[in-house]
Amino acid sequence: MKILTDSIEKLIKRNPNEPEFLQAAGEIMESLEPVAERHPEWVKAGIFERILEPERQIMFRVPWVDDEGKIRINRGFRVQFNSAIGPYKGGLRLHPSVNLSIMKFLGFEQTLKNSLTGLPIGGAKGGSDFDPKGKSDYEVMRFCQSFITELYRHIGEDCDVPAGDIGVGTREIGYMFGQYKRIQNTFSGVLTGKGLAWGGSHVRTEATGYGICYFAEEMLRENNKSCKDATVVISGSGNVAIYAAEKVTQLGGRVVALSDSNGYIYDPDGVKLDTVKRIKEVERKRIREYVNECCGSEYTEGCSGIWDIPCDIALPCATQNEIDGLAAHKLVSNRCYAVAEGANMPCTPDAIEIFQRNGVLYGPSKAVNAGGVATSALEMTQNSMRMSWTFEEVDARLKSIMKNIYKNCSRAAAEYNMKGNLMAGANIAGFMKVAEAMYAQGIV
Ligand code: NDP
Ligand code: 2IT
């Protein structure tokens, strides 16, 4: 019997209605079996079981009034997963699908991801089932103010520092920061992703997308490939997708498709990013608008078909479980040679297995998309120092962090006799530092 079988069985029993959390935790625990074999002292200290249980989970009512004067109620969450190596850190998601299972999967992933950055940040996630789509600026503001009126007592620059995720960008961070400052009468780095005029960092907007490409370049280089001249399909058209597309283009690749939750666009000449940015960032419209402006491009309703488009590199940057076994087979049969996960857990376990079996280079989200939170940590550093670095300085730090993450994942995989398996490498490398810190800090 494997050492961790018992922990996994208990995990399943205790969290029966949390499929996303079980999916993420199951994958991680499987990778950690060889670590448990080498570290009986960690098994004895219950590290593997303790790390699966969030330190604290906060759920709360978020009442607000819409533009018609109708009272609306949403549910707010903050899962403070692990603070062994630093203050809780992780994004806030505003999407109707948000529930405890999704918050816990994201919080657990975040714990290992944040450790991989090499910076002193613990793991957390939060958000609400509020749907920002179709809401006016004032409605979004009233929601954000109500959300922070409860959350403010649980966060702080040295305690828990939220940031953006799906549905939360600079606009929402601004409303939340304003309300926090008003309640606490303190100007502090309590949130990251702030605007440049009020404590934000250069490159935070671009960081996740750019970081994906810095990681992908390392992975590709080791295999004598690169983004240059590659045809790239990217799902999503939000913050992560747009800046991944920008960096791919700068590196000489051609992005031919982007999507949103309604459908996808295909532009064989390469998508025009200025047009995408205006439609999505300024006008907040749907991606289908693109085809009205760019001739030669096509729009298809429904998002899963995007993986049928032939490409060399696939960057899923929308949401969890967007590439299933079927989509993975399609990518393999179209000779896609690399998949790097920009979204959190976008590939199902089936899909990952298909990529690994067919020799497709596969970069797991907790390593590939760590550039966003790493740059958030750099924002925290600048806030503490009360100074700000230039774009070039932050970008250079981001690049070096992403290269290190690749190196550490690759090295951990080799050390545990799984050379080239970056999924196992990321899980192991991320876990080691958290486990050491938990072990040193006693049974807490
Ligand atoms: P945005 O809200 O800016 O964009 C999300 C994009 O994904 C939109 O195009 C959205 O389409 C699409 N999308 C969201 N949910 C679904 C769904 N259920 N089905 C299909 N499409 C969907 O979010 P981000 O770009 O910030 O986040 C994208 C992913 O990257 C998420 O998995 C997030 O956790 C992850 N991530 C984000 C980081 C960040 O710094 N922002 C850092 C690391 C990871 P529509 O507009 O129609 O909803
Ligand atoms: O999933 C993620 O890493 C994020 N949404 C970014 C979190 C952060 O604190 O910047």
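Throughout, numbering of the chain's residues begins at 1 and tracks the sequence. All values below were derived from every heavy atom in this structure, side-chain atoms included, with hydrogens, water molecules and symmetry-related copies excluded. Note that ligands are numbered from 1 as they come in the structure, with each ligand's atoms numbered from 1 the same way.
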Does some side-chain heavy atom of R288 sit less than 4.5 Å from a side-chain heavy atom of I265? no

Near D165 (heavy-atom distance under 4.0 Å), the atoms of ligand 1 are 26 (O), 33 (C), 34 (O), 36 (N), 37 (C)

So do F215 and L422 actually touch side chain to side chain, heavy atoms under 4.5 Å? yes

Compute whether any side-chain donor of one residue and acceptor of the other, for Q110 and Y88, lie under 3.5 angstrom apart. no

Could you check atom 9 (O) of ligand 1 against the protein and tell me its nearest heavy-atom contact, residue, atom and distance included? S237 N, 2.9 Å

Of the backbone atoms (N, CA, C, O) and the side-chain heavy atoms from C-beta on, which set of E322 has a member under 4.0 Å from an atom of ligand 1: side chain, backbone, both, or neither? neither

Tell me the contacting part of K125 for ligand 1: side chain, backbone, both, or neither, using a 4.0 Å heavy-atom threshold, strictly below. neither

Tell me whether R93 reaches ligand 2 (any heavy atom closer than 4.0 angstrom to a ligand atom). no

Identify the protein heavy atom lying closest to atom 10 (O) of ligand 2, giving its residue, its atom name and the separation to 0.1 Å. S376 OG, 2.6 Å

R254 and T231: CA distance, side-chain angles, deciding distance, side-chain hydrogen bond (donor to acceptor under 3.5 Å, both in side chains) verdict: CA-CA 5 Å; R254 193 164 43 111; T231 298; 3.3 Å; yes

For atom 6 (C) of ligand 2, what's the nearest protein heavy-atom neighbour? Residue, atom name and distance, please. R204 NH2, 3.6 Å

Which residue and non-hydrogen atom of the protein lie closest to atom 22 (C) of ligand 1, and at what distance in Å? S261 CB, 3.9 Å

Give yes if a backbone or side-chain nitrogen or oxygen of A163 is under 3.5 Å from a nitrogen or oxygen of ligand 2, and no if not. no

Under the criterion salt bridge (charged side-chain N to carboxylate O under 4.0 Å, His left out), I'd like the reasoning laid out for D312 against K225: C-alpha separation, chi angles, the key distance, then a yes or no. CA-CA 10 Å; D312 301 313; K225 293 188 158 65; over 6 Å; no

Enumerate the atoms of ligand 1 whose separation from the nearest heavy atom of K133 is less than 4.0 angstrom. 45 (P), 46 (O), 47 (O), 48 (O)

Between W198 and F177, is there a side-chain heavy-atom distance shorter than 4.5 Å? yes

At a 4.0 Å threshold, what atoms of ligand 1 neighbour a non-hydrogen atom of R93? 31 (C), 32 (O), 33 (C), 34 (O)

Which atoms from ligand 1 have a heavy atom of A343 less than 4.0 Å away? 29 (C), 30 (O), 32 (O), 35 (C)

Backbone or side-chain N or O of K280 under 3.5 Å from ligand 1 N or O: no

Ligand 1 atoms nearer than 4.0 angstrom to some heavy atom of N369 are 43 (C), 44 (C)

Protein residue, atom and distance nearest to atom 7 (C) of ligand 2, heavy-atom basis: G91 N, 3.5 Å

Measuring only between side-chain heavy atoms, which start at C-beta, is F143 closer than 4.5 Å to K135? no

Ranking L92, D165, V240, N344 by closest non-hydrogen atom to atom 5 (N) of ligand 2, top hit is D165

Give the residue, atom name and distance (to 0.1 Å) of the protein heavy atom nearest atom 3 (O) of ligand 2. K113 NZ, 2.7 Å

Only one of D267, L258, V255 clears side chain to side chain contact (heavy atoms under 4.5 Å, CB included) with V276; which? L258

I want to know if ligand 2 touches Q110 in the polar sense, i.e. an N/O pair below 3.5 angstrom. yes

Relative to the ring of W64, is the ring of F130 parallel (under 30°), tilted (30 to 60°) or perpendicular (over 60°)? perpendicular

Heavy-atom gap R286 to ligand 1 smaller than 4.0 Å: yes

Please state which part of T208 comes within less than 4.0 Å of ligand 2, counting heavy atoms only: side chain, backbone, both or neither. neither

Closest approach of any protein heavy atom to atom 17 (C) of ligand 1, naming residue and atom: T319 CG2, 3.5 Å

Audit row: T192, M380, side-chain contact (heavy atoms from CB on, under 4.5 Å) steps and yes/no: CA-CA 7 Å; T192 59; M380 290 165 71; 3.8 Å; yes

Atom 6 (C) of ligand 1 [closest protein heavy-atom partner, distance rounded to 0.1 Å]: G238 N, 4.0 Å

Quick one: does G193 get within less than 4.0 Å of ligand 2, heavy atoms only? no

Can you find a heavy atom in the side chain of Y337 that is under 4.5 Å from one in the side chain of V360? no

For atom 9 (O) of ligand 2, the closest protein heavy atom turns out to be K89 NZ, 2.7 Å

Would you mind checking which non-hydrogen protein atom is closest to atom 15 (N) of ligand 1, with the distance to 0.1 Å? H95 NE2, 3.6 Å

Among side-chain atoms of N99 and E20, is any donor-acceptor pair under 3.5 angstrom? no

Numbering as shown, the atoms of ligand 1 that approach I166 to under 4.0 Å (heavy-atom distance): 2 (O), 23 (O), 27 (O), 31 (C)

Side-chain H-bond candidate by donor/acceptor type, Q145 with R142, under 3.5 Å: no

Hey, are E150 and H154 close enough side-chain-wise for a donor-acceptor pair under 3.5 Å? yes

Does K125 come within less than 4.0 Å of ligand 2, judged by its heavy atoms? yes

For G164, the ligand 2 atoms whose distance to one of its heavy atoms is below 4.0 Å: 4 (C), 5 (N), 6 (C)

For atom 24 (P) of ligand 1, closest protein heavy-atom neighbour: V240 CG2, 3.8 Å

Reported CG-to-OG distance for the pair N114 and S376, which is rounded to 0.5 angstrom: 9.0 Å

Return yes when S259 approaches ligand 1 closer than 4.0 angstrom through a heavy atom, no otherwise. yes

Going by heavy-atom distance to atom 32 (O) of ligand 1, choose the closest among V168, N344, T375. N344

Give me the nearest non-hydrogen protein atom to atom 39 (C) of ligand 1 as residue plus atom name, then the distance to 0.1 Å. T208 OG1, 3.5 Å

Measure centre to centre between the rings of F48 and F431, then say whether the value is under 6.0 Å. yes

For atom 3 (O) of ligand 1, what is the closest protein heavy atom, and at what distance to 0.1 Å? N239 N, 2.9 Å

On the 0 to 90° scale, with breaks at 30° and 60°, tag the F147-F60 ring pair as parallel, tilted or perpendicular. tilted

Looking at Y138, I'd like to know if its OH atom is crowded, meaning that more than 12 non-hydrogen atoms belonging to other residues, nucleotides or ligands lie closer than 6.0 Å. no

Which residue in the set E30, E27, E109 passes side-chain hydrogen bond (donor to acceptor under 3.5 Å, both in side chains) when paired with N427? E27

Determine whether any heavy atom of R204 lies closer than 4.0 Å to an atom of ligand 1. yes

For the atom pair OH (Y243) and CD (E206), what is the distance rounded to the nearest 0.5 Å? 5.5 Å

To which of A318, G263, G167, C317 does the heavy atom nearest atom 31 (C) of ligand 1 belong? A318

